[in-house]
Every structure is written in C-alpha cells, then in structure tokens.
Amino acid sequence: MMLPFIIYAAAFGIAFLVTVLSVPFTKGIAMQFRIVDKPNARKMHTTLMPRLGGVSIVFGFTAGFLYLHPHSPYMPAFLAGALIIVLTGVIDDKFGLSAKTKLAAQMAAAVILVTSGPLIEYVNIPFIGYIEFGWIRYPITVFWIIAITNAINLIDGLDGLATGVSSIALSSLLVMAILNQQGLVIALTVILLGGTIGFLLFNFHPARIFMGDSGSMFIGYTIAVISIAGLFKSLTLFSLIIPIMILAVPIFDTLFAVIRRFLNKQHLFKPDKLHLHHRLMAAGFNHKMTVLIIYAISIFCSASAIIFSKSFLWGSLIIIGLLLLMVQFIAELIGILNHRRKPILDTVRRLISVMETSKRS
C-alpha cells in the first residue's frame with residue numbers, strides 16, 4: 001500500500017538528517033578506537049581515514065524505518081540479515097576479516113532472508129515468456145544477494161564512488177517502484193536514499209570519512225533485497241534485465257574482476273588496482289573526474305532501464321550491453337598499456353642517456 005507523498009518525503013528527511021548529524025559521532029568513535037583505513041600501495045588516500053561512516057547510514061535508515069514502519073512478512077528476516085551484515089562489517093573495519101569469514105556471514109544473512117521470502121521465482125524474457133525456477137529459486141536468490149552485496153563493496157575504492165553509484169541506482173529503483181505503485185519498495189528505497197545522500201556530503205572527494213565495509217555491505221544487501229521485492233516481482237518489467245541494467249557498473253566491474261583474477265590464477269577475493277576507477281585514473285583522469293565519469297555511466301544505464309521497462313526494443317538493449325562491454329574493454333586496455341608504459345619509458349631513458357654519453361665522449 002502506497003502512503004501519501006508527504007510521508008515518504010518526511011521519511012527521507014529523517015534518514016538524511018539523522019545520517020548527517022551522526023557522522024561527527026561515528027567519526028569520533030572511529031578515531032578513538034582506531035577504526036581507520038591505513039594508506040598503502042593499493043589505496044588512493046595518503047593519510048589515516050576513519051572508516052566507520054557506514055554506521056551513520058545505518059542510523060539514518062533505522063530512524064526512517066521506525067518512522068515508516070513498513071509492513072511485510074519478511075521484514076523480521078530482512079532486519080536479522082541486516083544486523084549480521086552490519087556487525088560483520090564493523091568487525092572487519094576494526095580487525096580485518098578473511099574473505100571466507102565475510103562470505104560466510106553474507107551467506108547466513110541471505111539464507112535467513114530466503115527462508116521467509118522474497119525469492120527470485122522466475123525471469124520474464126521477451127518473445128519467450130516466463131521461466132519458472134522451481135526449487136533452484138533458493139540458491140539463485142542467495143547468489144543474487146551475495147553478489148550485489150559484494151559488488152557495492154568492491155567499487156568502494158574512491159571518495160564518493162560507491163555512495164554516489166548506490167544513490168543513482170536507488171533513485172532509479174524509486175522511480176520504477178513509483179511507476180508500479182510498490183509501497184514497500186518505495187519505503188525501503190526512500191530511507192536508504194536519504195542515508196546515502198546524507199553521507200555523500202562527507203564522503204565526496206576530498207572525503208572526510210569512509211563508510212567502510214559496514215556501510216558498503218549494508219547498502220549492497222539492502223539494494224539486493226529491494227530489487228528482489230520490487231523488480232523481480234513485477235509482471236510488467238523485464239524481470240532479469242532491468243535490475244542488471246540499473247546496477248550495471250558494480251555488476252560488470254565485479255564480473256570483469258572475477259574473470260581477470262581467474263585467468264591470472266589469482267585469489268578471487270584478493271584486492272587489486274585493476275578496477276574500472278583504477279583504469280580511468282591510470283588514463284590520466286583525476287580523482288574527482290573519474291568519479292564523475294562513472295556517475296555519468298551509472299545515470300545513463302539507470303535512465304535506460306527506466307525507458308526500457310516500458311519498451312521491447314531488443315536492438316537498443318544490445319547496444320547498451322555492447323556499450324558497457326566497450327567501456328570495460330577500454331578500461332582493461334588502458335590498464336595493460338599503463339602497465340607496459342613504465343618499462344618502455346625506462347628503455348627510452350636509457351637509450352637517451354647512452355646517446356648523450358656518446359656525444360660527450
């Protein structure tokens with residue numbers, strides 16, 4: 001059931017204000033207990049940064065949730081899963097957990113949720129129709145939740161990147177939910193959007209605080225649940241294509257990272273500096289411009305998803321897919337060329353040095 005617009009606007013405002021007002025508190029706690037992100041060769045920042053900002057987003061979301069009090073049979077399971085995700089993220093921000101431990105926690109949260117619903121029960125493919133998943137809807141739903149949770153986590157590599165991309169995706173999910181009059185999805189999207197936009201005020205370059213895994217995993221988990229409750233349940237949408245288009249940047253970036261690490265025989269969860277944002281910076285774009293370029297790609301994909309939700313233009317969908325592949329391919333090529341550039345430049349410098357020595361002699 002949809003509520004009056006003013007109620008949703010108030011919920012957004014509450015989530016936004018609570019997030020903004022709580023950031024100084026979480027920043028102080030992070031610094032006091034040394035929950036900080038230390039600079040290293042893989043990271044872009046050069047000083048200690050508090051990384052407990054995600055808790056402020058959780059505070060904002062919780063305040064908005066208590067105000068709206070959305071009703072659904074699976075809300076207790078959703079909240080239980082969210083609690084596991086947030087606690088795991090906070091512990092990881094402080095002590096650093098192994099990838100297997102975090103994956104186990106994410107799986108526990110996903111399993112708790114799917115035991116009470118919602119589930120990805122089918123896909124709607126144009127010209128083919130609905131394909132029911134049967135019993136495999138359980139592992140498919142668990143996989144989706146874990147995949148999106150980690151996709152948001154993996155793109156959290158630049159100031160404001162994950163927060164901004166998530167806000168763009170949430171804005172698109174909100175538009176879709178309004179078009180299809182999905183009250184529960186509107187409620188969850190509005191209060192999470194209030195939190196992410198509020199936090200972005202402190203997280204955009206130059207960031208004053210990072211959200212850490214406590215924030216990125218919570219956002220990813222909640223977006224995954226929202227997409228299942230909304231888009232996968234809608235009979236009027238491409239139930240497979242639309243959520244993938246909205247979340248195209250984190251999904252494709254994660255997919256290419258997995259493929260790259262598999263081909264290079266690296267650990268699939270080992271961090272590297274080969275993501276899309278790293279490639280763009282290697283091409284010469286500065287920090288802020290790189291983030292804005294990825295924002296633009298996200299807006300383009302999200303706007304396309306909204307347009308195509310009312311359309312059956314397969315040719316256009318193929319163009320969008322090819323465009324995303326081309327962007328990622330260019331980014332990968334930039335990385336390869338940049339990796340080879342240093343040896344080439346070193347060789348050129350040695351040749352110049354030898355020539356100058358020869359002239360002097």
Side-chain angles (χ1 to χ4, degrees), residues 23 37-51 53-54 57 151-172 193 196-212 215-216 219-220 223 245-257 260 271-306 319-342 344-345:
V23 166
D37 200 332
K38 299 177 181 179
N40 59 36
R42 187 181 63 84
K43 298 175 181 178
M44 298 298 176
H45 60 283
T46 57
T47 59
L48 289 177
M49 290 290 294
R51 59 179 311 189
I57 298 175
I152 301 299
N153 188 30
L154 286 174
I155 65 167
D156 188 23
L158 294 179
D159 296 352
L161 181 57
T163 317
V165 169
S166 298
S167 297
I168 293 167
L170 285 166
S171 299
S172 302
L193 185 60
T196 57
I197 292 179
F199 184 71
L200 190 58
L201 299 179
F202 302 88
N203 189 233
F204 193 74
H205 185 72
R208 286 169 275 174
I209 185 172
F210 293 162
M211 64 179 171
S216 61
I219 293 172
I223 288 178
M245 289 180 67
I246 290 175
L247 298 166
V249 170
I251 287 175
F252 274 76
D253 193 45
T254 302
L255 178 62
F256 273 86
R260 180 175 63 246
D272 58 34
K273 293 187 69 172
L274 299 174
H275 290 280
L276 175 60
H277 52 277
H278 293 122
R279 303 297 201 186
L280 290 173
M281 292 194 72
F285 295 104
N286 62 32
H287 195 129
K288 186 175 293 186
M289 185 57 66
T290 297
V291 172
L292 292 176
I293 288 172
I294 298 177
Y295 281 3
I297 297 172
S298 298
I299 291 171
F300 176 78
C301 294
S302 295
S304 300
I306 294 171
I319 291 173
I320 297 299
L322 291 175
L323 177 62
L324 288 169
L325 289 173
M326 182 182 69
V327 169
Q328 189 67 43
F329 174 77
I330 292 172
E332 296 290 333
L333 182 60
I334 289 171
I336 293 172
L337 293 176
N338 188 67
H339 179 72
R340 293 177 178 175
R341 186 186 302 166
K342 190 176 184 300
I344 293 172
L345 290 175

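Numbering starts at 1 and runs along the sequence shown.
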Give me the ring orientation class for His287 and His205: parallel if the planes are under 30° apart, tilted from 30 to 60°, perpendicular past 60°. parallel
Grab the two heavy atoms, one from [X] and one from [Y], that are nearest each other, plus how far apart they are.
X: Leu247; Y: Ala169; value: CD2-CB, 3.7 Å
X: Ala207; Y: Met49; value: O-CE, 3.1 Å
X: Tyr295; Y: Ile168; value: O-CD1, 3.6 Å
X: Ile155; Y: Pro250; value: CG2-CA, 3.8 Å
X: Asp159; Y: Phe210; value: OD1-CE2, 3.4 Å
X: Leu200; Y: Gly164; value: CD1-N, 4.1 Å

Listed by chain and number, what are the side chain to side chain donor-acceptor pair (under 3.5 Å) partners of [X], not counting sequence neighbours?
X: Ser166; result: none
X: Ser298; result: none
X: Asp156; result: none

Roughly how far, to the nearest 0.5 Å, is the [atom2] atom of [Y] from the [atom1] atom of [X]?
X: Met211; Y: Ile57; atom1: CE; atom2: CD1; result: 5.5 Å
X: Ile223; Y: Ile152; atom1: CD1; atom2: CD1; result: 4.5 Å
X: Leu154; Y: Ile251; atom1: CG; atom2: CD1; result: 12.5 Å
X: Asn203; Y: Ile197; atom1: CG; atom2: CD1; result: 13.0 Å
X: Ser216; Y: Leu161; atom1: OG; atom2: CG; result: 11.5 Å

Heavy-atom check, side chain of Ser171 versus side chain of Leu193, under 4.5 Å: yes
4.5 Å side-chain heavy-atom contact, Phe199 and Ile209: yes
